[in-house]
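These values consider heavy atoms only, across backbone and side chains, with no hydrogens, waters or symmetry-generated copies. Order of the sequence lines sets the chain letters (A, B, ...), proteins ahead of strands, with each chain counted from 1.
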Amino acid sequence: MTQFAVDREIDARGSACPGPLMELIRAMKASRKGQVVALLSEDQGSKVDVPQWVEKAGHKLLAVEEDGNVTRFIVQKAR
Amino acid sequence: MNEPANIRMPEQPSTTIEEGSSRQQDRKQRMSIILFSGTVDKLTAASILATGGAAMDMQVNIFLTFWGLLALKKGAWKDPNQQKISGEFAEYAPMVMEAFRKKNVKPWIEMLREAREVGEVNVYACGMTMDLLGLSLEDLEDIVDGVQGVAGFVAEARESDITLFI
């Protein structure tokens, strides 16, 4: 597994849809171009929502790691 | 009736369509929601959908009418007497409310506020309902942007990519 230097880690476990996505959007807004944000989510919808949003917003999904019912998304701010 | 002045030339409709599609490319996609219901389950569904639209860079227009408008009277969202669930699902109410609490589902009004932070979400109150119930804009939560009539809503909805009645 490739390791990414993560600038900001968000733990949205226990938060229901659309909570984790909203936390990611907020973190991305507060980040600078090139910075990397990691998001932890237990919400099943996130698996679809996060990649869709990242594509729509023009950022880069570096990795998706699954561990049991927790998914960790690593996203780079691209613009 | 012998002057066919009002008959359109064949090329007119296609010109209109071309103009329409080029205009569509310039603007954001739109989602229009008619929020008629005032029960917590449907308010939550509408708020989540508005959040999704805003997150996906759509312009979201919410038209509050009847019970949906009453739900946005100042403070109504936290009034225990207003925390009702749709009648047809009443028997599931305790289960749903418990699930909301357990799964940390945020109050719907908080979700709407967040949706307005991340994207463009306009909330309009139905003028007719306002008149009917003797309400003014000051009686409503501050997330209501203004008053709109049905024709104004239809004008926006006809340009929308998604229209929902909740």
Side-chain angles (χ1 to χ4, degrees), chain A residues 7-33 35-62 64 66-79, chain B residues 24-31 33 35 40-60 62 77 83 85 92 95-121 123 143 160-162 164 166:
Chain A
D7 298 287
R8 201 180 286 248
E9 185 99 31
I10 311 154
D11 188 352
R13 284 176 297 179
S15 176
C17 170
L21 179 63
M22 300 305 278
E23 291 196 39
L24 175 65
I25 293 174
R26 240 178 261 136
M28 294 298 281
K29 271 191 178 168
S31 300
R32 290 190 306 277
K33 190 177 168 183
Q35 284 191 318
V36 176
V37 173
L39 169 75
L40 284 174
S41 174
E42 280 177 334
D43 160 47
Q44 293 187 49
S46 294
K47 288 182 199 171
V48 182
D49 282 7
V50 170
Q52 290 267 17
W53 177 81
V54 170
E55 197 193 333
K56 177 79 187 167
H59 300 304
K60 199 172 167 194
L61 187 60
L62 299 176
V64 180
E66 295 199 37
D67 182 10
N69 61 346
V70 179
T71 310
R72 186 165 181 260
F73 302 90
I74 303 172
V75 186
Q76 185 171 39
K77 182 157 173 147
R79 55 171 188 83
Chain B
Q24 275 180 351
Q25 281 161 9
D26 297 339
R27 64 165 180 83
K28 271 189 176 186
Q29 288 196 309
R30 289 188 201 173
M31 178 190 275
I33 300 175
L35 183 47
V40 177
D41 50 346
K42 293 186 183 182
L43 290 162
T44 303
S47 301
I48 293 175
L49 287 162
T51 305
M56 295 309 277
D57 203 29
M58 295 184 91
Q59 184 202 85
V60 182
I62 302 177
W77 66 276
Q83 310 297 305
I85 185 166
Y92 302 106
M95 184 266 285
V96 170
M97 297 311 277
E98 176 63 11
F100 274 17
R101 195 189 58 77
K102 258 194 179 161
K103 298 286 177 185
N104 294 317
V105 177
K106 287 190 176 169
W108 58 270
I109 197 159
E110 215 171 293
M111 284 194 235
L112 264 188
R113 286 189 199 283
E114 286 183 2
R116 287 164 62 86
E117 277 169 35
V118 303
E120 188 180 351
V121 180
V123 182
I143 58 171
S160 288
D161 304 275
I162 299 174
L164 304 166
I166 300 174

Item to check | Residue A:E9 excluded, over 12 heavy atoms near CD under 6.0 Å | outcome: yes
Item to check | B:E117 CD: over 12 foreign heavy atoms closer than 6.0 Å | outcome: yes
Next on the checklist: Working note: A:M22 + B:M111, criterion side-chain contact (heavy atoms from CB on, under 4.5 Å); need CA distance, chi angles, decisive distance, verdict.
Outcome noted: CA-CA 9 Å; A:M22 300 305 278; B:M111 284 194 235; over 6 Å; no
Next on the checklist: Can you tell me which portion of A:Q52 sits under 4.5 Å from chain B's heavy atoms? Options are side chain, backbone, both or neither.
Outcome noted: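 Both backbone and side chain of A:Q52 come within 4.5 Å of chain B.
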Checklist entry - Can you name the nearest heavy-atom pair linking B:N104 to A:G14, along with the distance? => result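 Here B:N104 and A:G14 meet closest at ND2-O, 2.8 Å.
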Next on the checklist: I need the minimum non-hydrogen distance between A:K29 and B:V118, along with the two atoms involved.
Outcome noted: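 Shortest heavy-atom contact: NZ-CA, 3.5 Å.
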Next on the checklist: Would you say that A:P18 contacts B:I48 through its side chain, given a criterion of any heavy-atom pair below 4.5 Å between the two side chains?
Outcome noted: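 They are in side-chain contact.
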